[in-house]
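Both counts, for ligands and for their atoms, begin at 1 and track the order of listing. Keep in mind that the numbers below use all heavy atoms, side chains included, and drop hydrogens, waters and symmetry copies. Throughout, residue positions are numbered sequentially from 1 according to the sequence presented.
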Amino acid sequence: MQIGFIGLGSMGSAMAPNLVKAGHDVRAWNRSKVAQDSVPGGTLVEFAADAFQADVVFTMLSDDTAIREVILDAGLLASAQPGLIHVVTSTISVAFARELELLHEEAGLGYVSAPVLGRPNVAASGQLNILAAGKADAVAAIEPLLATLSKKVWKLGENPTRANTAKLACNMMIAMAIEAMAESVVLTESVGLDRADFFELILGTLFSGRAYESYSAQITEQSFEPGFKAKLALKDMRLATEVSKEIGRTLPMLEAVREGLDKAVSAGLGEKDWSIMADMTVRGAHSLQSFEINSEKKS
Ligand code: NAP
């Protein structure tokens, strides 16, 4: 199959080679220059429009703005190969997914929201979990491609926003888990308990899940190379907040993790892994500030 692939960042550069390995003719495009062998066996094309001359095009750009600029503003839907199916694997806003669905329908193209769970190393080994939603015929047509990239494809129905909302909810829960672990470390280290020992305890008893496993290791090792950049995680918490506002609900834990990430990004840590938020909590970067604010209010 002829496949376009747009966006060879941390995730895209890990995913696109797996499509080549599965025998597909992949035409990949990235805004900045990337090494010729970024997609071994595939072709690097000069223009994003070239990637839209295919049966299926994947986009793995960072956010709504990037997709709008590269695809919509450049008129790629109008010049796309007839019958093309566009698979957006980025984590985007629910409102933008709605807009994309409509615009693709008007252009006579297929559209599937297919955000992914898993970091770049997981993507490279073809073990992502993919949350897919879109018209049944479009999802069926691309399912073998999604299977190539993933351990499991979770089909969430015909409404693309289900996949986008589920993905935002997943990231919201991971952020909450990171913050929960950090706050537990604050308590347990206050009595001299080693954080590695405490995490061994919680992983072996109450919380044995994947998010706890991988982020407790990062918090223990204090290793914050991405992974998933804090600035992108902040984007996701803002998008989750947009959904909560749209339905008229305030979600206090979401607000707390969004603020934590906001502080990390404002402190110049946006390119670090999002688990840097835990480091700030453990070091007291938030609580000291709120303590000072509270003290000022009292005096
Ligand atoms: P990344 O490494 O920062 O890569 C971002 C990609 O978007 C790059 O190809 C970048 O091009 C491109 N881009 C950004 N702004 C652009 C613009 N205005 N015009 C054209 N291209 C633009 O991000 P990533 O980690 O791969 O994440 C990509 C998406 O996957 C995000 O939506 C993220 O939330 C989601 N995601 C990430 C992870 C993860 O663990 N990393 C996991 C699941 C989902 P340049 O190279 O030119 O900058």
Could you find the nearest protein heavy atom to atom 12 (C) of ligand 1 and give me its residue, atom name and distance? Leu61 CD2, 3.7 Å
Ligand 1-proximal atoms of Lys33, by part, heavy-atom distance under 4.0 Å: neither
Checking side chain to side chain contact (heavy atoms under 4.5 Å, CB included) for the pair Glu246/Val243: CA distance, chi angles, key distance, verdict? CA-CA 5 Å; Glu246 198 179 308; Val243 178; 5.5 Å; no
Any donor-acceptor pair under 3.5 Å linking the side-chain atoms of Gln218 with those of Ser223? no
What atoms of ligand 1 come within less than 4.0 Å of a heavy atom belonging to Val70? 19 (N), 20 (C)
Look only at interatomic distance and state if Asp63 has a nitrogen or oxygen under 3.5 Å from any nitrogen or oxygen of ligand 1. no
Quick one: look up the protein heavy atom nearest atom 41 (N) of ligand 1 and list residue, atom name and how far away it is. Gly227 O, 3.2 Å
Residues Val112, Ile142; criterion side chain to side chain contact (heavy atoms under 4.5 Å, CB included); working and verdict: CA-CA 9 Å; Val112 177; Ile142 62 155; 3.9 Å; yes
Would you mind listing which atoms of ligand 1 come within a distance below 4.0 Å of any non-hydrogen atom of Gly9? 2 (O), 4 (O), 8 (C), 9 (O), 26 (O)
In a check of side chain to side chain donor-acceptor pair (under 3.5 Å) between His104 and each of Lys135, Glu99, His86, which one passes? His86
Give the atoms of ligand 1, by number and element, whose distance to some non-hydrogen atom of Leu8 is under 4.0 Å. 9 (O)
Can you sort out which atoms of ligand 1 are near Ser90, meaning under 4.0 Å from one of its heavy atoms? 32 (O)
For ligand 1, indicate whether the residue Met11 contacts it via side chain, backbone, both or neither (heavy-atom separation under 4.0 Å). both
Would you give me the side-chain donor-acceptor pairs under 3.5 Å for residues 148-157, sequence neighbours excluded?
unit_1	atom_1	unit_2	atom_2	d
Thr148	OG1	Pro144	O	3.1
Ser150	OG	Leu146	O	2.7
Trp154	NE1	Asn129	OD1	2.8
Lys155	NZ	Glu143	OE1	3.2
Lys155	NZ	Glu143	OE2	3.3

Could you establish whether Ser13 and ligand 1 come within less than 4.0 Å of each other, counting only heavy atoms on the residue side? no
Taking the six-membered ring for Trp, are Trp274 and Tyr215 ring centroids under 6.0 Å apart? yes
Geometric N/O contact Ser32 with ligand 1, under 3.5 angstrom: yes
Number the atoms of ligand 1 from 1 as they appear, then name those within less than 4.0 Å of a heavy atom of Lys235, with their elements. 31 (C), 32 (O), 33 (C), 34 (O)
Should the pair Tyr212 and Phe207 be assigned to parallel (<30°), tilted (30 to 60°) or perpendicular (>60°) ring geometry? parallel
Could you tell me how the ring of Phe5 sits relative to the ring of Phe58: parallel (under 30°), tilted (30 to 60°) or perpendicular (over 60°)? parallel
Quick check against the 3.5 Å criterion: does Asp50 have a side-chain atom that pairs as donor or acceptor with the backbone of Phe47? yes
In this structure, atom 35 (C) of ligand 1 is nearest to the protein heavy atom Thr91 OG1, 3.6 Å
Only heavy atoms count here, so choose which of Ala66, Ala233, Ser62 is nearest to atom 7 (O) of ligand 1. Ser62
Could an N or O of ligand 1 be found under 3.5 Å from any N or O of Leu232, whether backbone or side chain? no
For atom 11 (O) of ligand 1, grab the closest protein heavy atom and report residue, atom and distance to one decimal in Å. Asn30 OD1, 3.7 Å
With a 4.0 Å cut-off on N to O distance, would you call Asp279 and Arg283 a salt bridge? yes
How far is atom 17 (C) of ligand 1 from the closest protein heavy atom, and which atom is that? Arg31 NH1, 3.3 Å
Check whether any side-chain N or O of Asp25 sits under 3.5 Å from a backbone N or O of Met1 as a donor-acceptor pair, and report yes or no. no
Evaluate the criterion side chain to side chain contact (heavy atoms under 4.5 Å, CB included) for residue pair Val94 and Leu168; output intermediate values, then yes/no. CA-CA 9 Å; Val94 169; Leu168 293 176; 4.2 Å; yes
Can you list the atoms of ligand 1 that are under 4.0 Å from a heavy atom of Gly7? 9 (O)
Closest to atom 42 (C) of ligand 1 among protein heavy atoms sits Gly118 O, 3.2 Å
Of the protein's non-hydrogen atoms, which lies at the shortest distance from atom 43 (C) of ligand 1, and what is that distance? Val116 O, 3.5 Å
Distance filter under 4.0 Å to Lys229 heavy atoms, resulting ligand 1 atoms: 1 (P), 2 (O), 3 (O)
Would you find a donor on one side and an acceptor on the other, under 3.5 Å apart, between the side chain of Asp236 and the backbone of Cys170? no
Report yes if Thr89 has an N/O atom closer than 3.5 Å to an N/O atom of ligand 1; otherwise report no. no
Flag the pair Arg27 and Glu46 as a salt bridge only when some basic side-chain nitrogen lies within less than 4.0 angstrom of an acidic carboxylate oxygen. no
For ligand 1, which atoms have a heavy atom of Glu69 less than 4.0 angstrom away? 18 (N)
